[in-house]
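Proteins get letters first, then strands, A, B, ... in listed order; numbering begins at 1 in each.
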Amino acid sequence: MPEGHTVHRLAHAFAELFGGQRLAVSSPQGRFADGAALLDGHALVGTEAHGKQLFLAFSPAPDAGADGVRWLRVHLGLYGSWTFAGDETFRAPHAIGAPRRRVGEEEVALASPDEPASPESPDEADDVVVAIEEAAPATDATPGATDAAPEADASPGATAWHPHAPRGAVRVRLLGAHGVADLTGPTACEVVTAEEKAAVQRRLGPDPLRPDGDGEAFVAAVRARRRAVGELLMDQSVVAGVGNIYRAEALYRARVHPLRLGRDVPATRLRAMWADLAELMADGVATGRIVTTRPEDRHDPEDRWYVYHRSGRPCLVCGTKVAEAPMAGRRLFWCPRCQRAPRRRP
DNA sequence: TTTCCATGAGAAT
DNA sequence: TTCTCCTGGAAAT
């Protein structure tokens, strides 16, 4: 899944692609028909990411008060992803979300401006090509796509663009003047009020990617618990946005053993880990990829991670075999030598 | 073709 | 701890 950096990318993408536009909102799959009806025809007036939660604000109905803003709350979970397509003015990556192969390739392409390239500016051209390839022959009316037409603000001279038929189980389709975003496989997708949104956020810990992310709150939350720090990093109420890759890699880079109890990790170590996460994740937002290895430790361009998914292979730094064990239902990876084992309690 | 698996999380046991 | 939900690409059959 999409860890927090992916969700922040999405918040940026939606603001840029659809900000201020009235959108046709539908649920081709049908499971979100009621929610879609509430948002259909309303303008996207704001986007926000907090940890792995994405919030999209829609303008209130004319007869609703000022606080009638409704939020679409989406959590991608393990499988969710957004797929984008549109005309040449619609500059979006092909897809953002669960790391299916197609998605990964696309994100790589976006992050490598030195790819050989097409005549025009590389990333823009790539997007358009993908969008065209993905477009199915414009079949007849997607329900919800033809009514509630978006505002006609197409720039003069832009070629006509038609959305492709939804592919797969599309929970939500957001259709603007220049492009479309399809959501598949989310864990959560619902329309909430501002108060309900705030309630969700109160349960979340600080997010290293947000300006209001409070590193000291993270340090205090970890040191208050006797649970293993490897579990605490995956607890969204301790730190929001960290997932299985950032957990393993941040612990490695801090040289902290995942089984060490939270309260036993020195505060200075945790402060450094927070700063490191902020940096790593910001890089993830910029590039769409998680890369945690320092250039000097990267023996091969494929060496993106120190320990994640490297069990049995030599540690890039010390050569010791990377270890793996399940923790809280997920696969956990660490280097037994670089990350010294915690003292065993008698 | 069937099965397995994944960057998640909440509920049930 | 284990189950359950959601999807689709890859690996296994």
Base, sugar-phosphate, or nothing: which does [X] touch, judged by heavy atoms less than 4.0 Å apart?
{"X": "Arg171(A)", "answer": "sugar-phosphate"}
{"X": "Arg31(A)", "answer": "sugar-phosphate"}
{"X": "Gln29(A)", "answer": "sugar-phosphate"}

Could you list, one pair per line, each protein nitrogen or oxygen that sits under 3.5 Å from a nitrogen or oxygen of nucleotides 9-12 of chain B, together with the distance?
residue	atom	partner	partner atom	Å
dA9(B)	OP1	His75(A)	NE2	3.4
dA9(B)	OP2	Lys52(A)	NZ	3.3

Name all residues meeting the side-chain hydrogen bond (donor to acceptor under 3.5 Å, both in side chains) criterion together with [X]; count only those two or more places apart in sequence or in a different chain, and write none if there are none.
{"X": "Gln236(A)", "result": "none"}
{"X": "Thr293(A)", "result": "Arg298(A)"}
{"X": "Gln29(A)", "result": "Arg171(A)"}
{"X": "Asp214(A)", "result": "none"}

When you measure from the side chain of Leu78(A), which nucleotide among dA6(B), dT7(C), dC6(C) comes out closest?
dA6(B)
Nucleotide nearest Ala169(A) (side chain, heavy atoms from C-beta), chosen from dG8(B), dA6(B), dT7(C):
dT7(C)
Produce the list of close N/O pairs, under 3.5 Å, pairing protein atoms with atoms of nucleotides 3-5 of chain B; give distances to one decimal.
none

Between [X] ([atom1]) and [N] ([atom2]), how many Å, whole number?
{"X": "His5(A)", "N": "dG8(B)", "atom1": "NE2", "atom2": "C1'", "answer": "14 Å"}
{"X": "Leu54(A)", "N": "dG8(B)", "atom1": "CG", "atom2": "P", "answer": "16 Å"}
{"X": "Trp82(A)", "N": "dG8(C)", "atom1": "CH2", "atom2": "P", "answer": "14 Å"}
{"X": "Tyr79(A)", "N": "dC5(C)", "atom1": "OH", "atom2": "C1'", "answer": "7 Å"}
{"X": "Leu332(A)", "N": "dG8(B)", "atom1": "CG", "atom2": "P", "answer": "13 Å"}
{"X": "Leu183(A)", "N": "dC6(C)", "atom1": "CG", "atom2": "P", "answer": "14 Å"}

Can we say Glu48(A) and Lys197(A) salt-bridge, meaning some charged N sits less than 4.0 Å from an Asp/Glu carboxylate O?
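Result for this pair is yes, salt bridge flagged.
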Who passes side chain to side chain contact (heavy atoms under 4.5 Å, CB included) against Glu324(A), sequence neighbours left out?
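Side chain to side chain contact (heavy atoms under 4.5 Å, CB included) list for Glu324(A), sorted by chain: Ser311(A), Arg331(A), Phe333(A).
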With sequence neighbours left out, write down each residue that passes side chain to side chain contact (heavy atoms under 4.5 Å, CB included) with Ala11(A), or none if nothing qualifies.
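Side chain to side chain contact (heavy atoms under 4.5 Å, CB included) list for Ala11(A), sorted by chain: Thr47(A), Ala49(A), Leu54(A).
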Pairs touching residues 174-187 of chain A that satisfy salt bridge (charged side-chain N to carboxylate O under 4.0 Å, His left out), sequence neighbours left out:
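Counting only pairs at least two positions apart or across chains, the salt bridge (charged side-chain N to carboxylate O under 4.0 Å, His left out) contacts touching residues 174-187 of chain A are Arg173(A)-Asp182(A).
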Quantified in whole Å, what is the [atom1] atom distance between nucleotide [N] and nucleotide [M]?
{"N": "dC6(C)", "M": "dA12(B)", "atom1": "P", "answer": "15 Å"}
{"N": "dG9(C)", "M": "dA9(B)", "atom1": "C1'", "answer": "23 Å"}
{"N": "dG8(C)", "M": "dG10(B)", "atom1": "P", "answer": "23 Å"}

Name the orientation class of the two ring planes belonging to Phe55(A) and Trp71(A) (parallel below 30°, tilted from 30 to 60°, perpendicular beyond 60°).
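It falls in the perpendicular class, over 60°.
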